[in-house]
Protein chains: 2
Amino acid sequence: MSNTATTTEEHALQALRDSGLRLTQPRRCIIRALSRASEPLSPREVYQQLGEASCDQVTIYRCLGDLEQQGLVHRHEFGDGSTRYQLIAPDGGHSHYVVCRICQHRQPLDICPAPQLEASAAAHGFTGISHTLELFGVCPQCQQGSG
Amino acid sequence: MSNTATTTEEHALQALRDSGLRLTQPRRCIIRALSRASEPLSPREVYQQLGEASCDQVTIYRCLGDLEQQGLVHRHEFGDGSTRYQLIAPDGGHSHYVVCRICQHRQPLDICPAPQLEASAAAHGFTGISHTLELFGVCPQCQQGSG
DNA sequence: TTAGGTGCAAACGGTTTGCAATAAG
DNA sequence: CTTATTGCAAACCGTTTGCACCTAA
């Protein structure tokens, strides 16, 4: 897992600098936490990851908001009441999931209809397009358990 | 706008009956409010629509939850802090929107990658699949104002 | 008759806001 | 130096919960 040309983390840091936002300690830590996560993280989860490098939860909310506005993170709404964020790769890469309605288990999928969607939105004159996409269903295990 | 074979409203009422849920006054009114709306409605908006046929807001939350569980409404998360619901047509029809990040204006789109998505989720053994999909961007008018 | 549904009031919990103190550039 | 950013405390507000009463079937 050594870094390639430009890691997702480096990309985010550089983009922050370029956008004129200050590269503060909390922001570095939050970006690092996101980059190390294997799944999208909620503000609370980021907070828990931080440990000693901790900062106030409010700072996390604000930072994640900034990152989203800069198009550096992808937002997920898994329907459990809290928003989660995932660092977007330099090439725009991100994930989508199917969430089990019963046990909340998340299965990442290998699809993203983004191009098609963005074309449709662009046709109406919209720019700077992003999206949110989640699937919900009942996972194999929970199907057994309940009939 | 006279009704065809089966209106979306009738379909929902029948489905509720079939599922064993009781056809109460509040549920009828809420379904009617949804069927008359030209856009997805939040619990609060449903409440405001009801007028004299009013019921408690808590009842609306519960009813919308039931309808979603029965797969009769499509859930939308426009990112403004409240969930919105849209009655699903007998043929499964529903909409997706691009929401302007600046003025919150919503533009309905004519696309839905559902089949592709569901196939992907089904490949992982999930059943009873539904989805949530929203696009975000800057609308033509707001581009002029700030650009 | 009898579950399932509803209303009311109160609790919950994620997120936002105001403002003084702090640190990045 | 200057201004963006942070931390703390408190407010916000959509949503959920507990429980007694009501009503569809």
Side-chain angles (χ1 to χ4, degrees), chain A residues 12-33 40-70 72-73 75-85 101 104 132 134, chain B residues 12-33 40-70 72-73 75-85 101 104 132 134:
Chain A
L13 292 171
Q14 188 58 48
L16 256 199
R17 244 188 303 266
D18 295 346
S19 69
L21 294 178
R22 291 181 182 174
L23 219 48
T24 66
Q25 198 63 35
R27 281 177 180 157
R28 287 175 191 277
C29 296
I30 293 167
I31 287 174
R32 172 159 301 169
L41 261 36
S42 68
R44 169 172 297 274
E45 288 166 343
V46 169
Y47 183 70
Q48 295 169 335
Q49 293 292 319
L50 291 187
E52 353 180 344
S54 180
C55 68
D56 195 281
Q57 286 201 225
V58 174
T59 298
I60 297 176
Y61 277 97
R62 289 193 272 228
C63 176
L64 291 174
D66 293 340
L67 291 175
E68 185 185 4
Q69 202 159 354
Q70 298 300 324
L72 300 175
V73 294
R75 181 159 50 88
H76 292 268
E77 300 287 355
F78 292 139
D80 67 343
S82 69
T83 302
R84 285 184 173 72
Y85 300 86
R101 287 201 198 80
Q104 319 307 322
T132 269
E134 332 289 348
Chain B
L13 291 172
Q14 187 58 48
L16 255 199
R17 240 188 306 263
D18 295 346
S19 68
L21 294 178
R22 292 184 181 174
L23 219 47
T24 65
Q25 199 63 35
R27 282 178 179 159
R28 286 175 191 279
C29 296
I30 292 168
I31 287 174
R32 172 159 301 169
L41 262 36
S42 68
R44 170 171 296 274
E45 288 167 344
V46 169
Y47 183 70
Q48 295 169 335
Q49 292 292 319
L50 291 186
E52 353 180 345
S54 182
C55 67
D56 194 281
Q57 287 202 221
V58 173
T59 298
I60 297 176
Y61 278 97
R62 289 194 271 226
C63 176
L64 292 173
D66 292 340
L67 292 175
E68 185 186 3
Q69 203 159 352
Q70 297 301 325
L72 300 176
V73 294
R75 182 160 49 90
H76 292 268
E77 299 287 354
F78 293 140
D80 67 342
S82 69
T83 302
R84 286 184 172 71
Y85 300 85
R101 286 202 198 81
Q104 318 307 323
T132 270
E134 331 290 347

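As a basis for the values below, the full set of heavy atoms in this structure was taken, side chains included, without hydrogen atoms, waters or symmetry mates. Protein chains get the first letters and strands the later ones, always in sequence-line order, with residue 1 at the start of each.
- Within the structure, a side-chain polar atom (N or O) of A:Arg44 is placed less than 4.0 Å from OP1 or OP2 of C:dG14.
- Taking atom CZ of A:Arg22 as the reference point, atom C1' of D:dC1 lies 11 Å away to the nearest angstrom.
- Note that CD1 of B:Ile31 and CG of B:Leu16 are 4.5 Å apart. Values are rounded to the nearest 0.5 Å.
- The nearest whole Å value for the distance from the OH atom in A:Tyr61 to the P atom in C:dT17 is 13 Å.
- The CD atom of B:Gln25 sits 10 Å away from the P atom of C:dG7 (whole-angstrom rounding).
- Here C:dG4 presents its P atom at 15 Å from CZ of B:Arg62, a figure rounded to the nearest Å.
- Once rounded to the nearest 0.5 Å, the distance linking OG1 of B:Thr59 with CZ of B:Arg62 reads 5.5 Å.
- Nucleic acid contact for A:Cys63: none, since no nucleic acid atom lies under 4.0 Å from a heavy atom of the residue.
- Computed from coordinates, the B:Asp56 CG to D:dT17 C1' distance equals 13 Å when rounded to whole Å.
- Of the listed nucleotides (C:dG5, D:dT15, D:dT5), D:dT5 has the atom at the smallest distance from the side chain of A:Arg27.
- Within 4.0 Å of A:Ser42, counting heavy atoms only, lies no atom of the nucleic acid at all.
- Rounded to an integer number of Å, the gap from A:Ile60 CD1 to C:dT17 P is 18 Å.
- Considering only side-chain N and O atoms, B:Ser82 lies nowhere under 4.0 angstrom from the phosphate OP1 or OP2 of D:dG14.
- Between the side chain of A:Glu134 and the backbone N or O of A:Phe78, no donor-acceptor pair lies under 3.5 Å.
- Summary of the strand contacts: B:Val58 and B:Arg28 both lie near DNA chain D, and taking for each the nucleotide with the nearest heavy atom, the more 5' one is attributed to B:Val58.
- Atom CG in A:Leu23 sits about 16 Å away from atom P in D:dA4, given to the nearest Å.
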Checklist entry - Given A:Arg84 and A:Glu45, is the side chain to side chain contact (heavy atoms under 4.5 Å, CB included) satisfied, shown in steps? => result CA-CA 9 Å; A:Arg84 285 184 173 72; A:Glu45 288 166 343; 3.3 Å; yes

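- At distances below 3.5 Å, not a single donor-acceptor pair connects side-chain atoms of A:Arg75 with backbone N or O atoms of A:Thr132.
- Between A:Thr24 and the phosphate of D:dT6, there is a side-chain N or O to OP1/OP2 separation shorter than 4.0 Å.
- For the pair A:Asp80 CG and D:dT15 P, the interatomic distance rounds to 14 Å; values are reported in whole Å.
- When the nearest nucleotides of DNA chain D are assigned to B:Leu21 and B:Thr83 by heavy-atom distance, the more 5′-ward of the two goes with B:Thr83.
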